[in-house]
Amino acid sequence: MPLLLARLGKHPSLMPPAAGHYGRSTALTVLRGVALDAAFVAHPARFKGIAPRPPSVPLAVWINPPKKENTPTTITLNCSLSS
């Protein structure tokens with residue numbers, strides 16, 4: 001785990017692409033939870049008495065998200081031309 005945190009630098013909450021690609025993101029989140037629990041037990045004042053939790057695994061991640069389909073809007077005019 002220390003090697004992973006060292007590789008991620010300032011953003012330890014980011015998930016490495018390989019973890020998502022190979023289905024290891026849930027296991028990695030559990031490991032991060034264990035590490036955060038150990039840190040909280042060792043230094044509770046550092047976390048202001050609130051146990052930290054790792055961020056949840058995202059459902060989808062995109063570099064370029066797919067464009068949403070633009071469905072044409074139909075306008076229904078409900079008027080009468082008779083005066």
Side-chain angles (χ1 to χ4, degrees):
M1 188 73 166
L3 176 62
L4 175 66
L5 292 177
R7 290 183 64 200
L8 292 175
K10 294 181 182 180
H11 303 285
S13 63
L14 293 179
M15 192 68 60
H21 183 70
Y22 294 111
R24 296 185 209 133
S25 57
T26 303
L28 184 58
T29 301
V30 170
L31 284 175
R32 288 177 176 180
V34 170
L36 288 171
D37 288 341
F40 179 71
V41 168
H43 308 281
R46 188 177 215 179
F47 299 97
K48 299 179 182 177
I50 301 171
R53 295 282 155 234
S56 60
V57 178
L59 297 176
V61 179
W62 302 96
I63 293 174
N64 296 317
K67 293 181 180 178
K68 294 181 180 180
E69 293 181 19
N70 291 333
T71 56
T73 55
T74 52
I75 300 173
T76 306
L77 298 175
N78 194 8
C79 65
S80 132
L81 295 177
S82 59
S83 356

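The other residues sharing a hydrophobic cluster with Phe40 are Phe47, where clustering joins ILVMFWY side chains under 4.5 Å apart.
Closest approach of Pro54 to Leu36, counting heavy atoms only: N-CD1, 3.5 Å. A pairwise comparison of heavy atoms in Ala19 and Leu28 identifies CB-CD2, 4.1 Å as the closest pair. The two atoms that bring Val57 and Ser25 nearest to each other are CG1-OG, 3.6 Å, heavy atoms only.
Sequence neighbours left out, the pairs with a member in residues 40-55 that pass salt bridge (charged side-chain N to carboxylate O under 4.0 Å, His left out) are Asp37-Arg53.
Atom CG of residue Leu31 and atom OG1 of residue Thr26 lie 11.0 Å apart, to the nearest 0.5 angstrom.
Among residues two or more places apart in sequence or in another chain, the side-chain contact (heavy atoms from CB on, under 4.5 Å) test is passed with Val30 by none.
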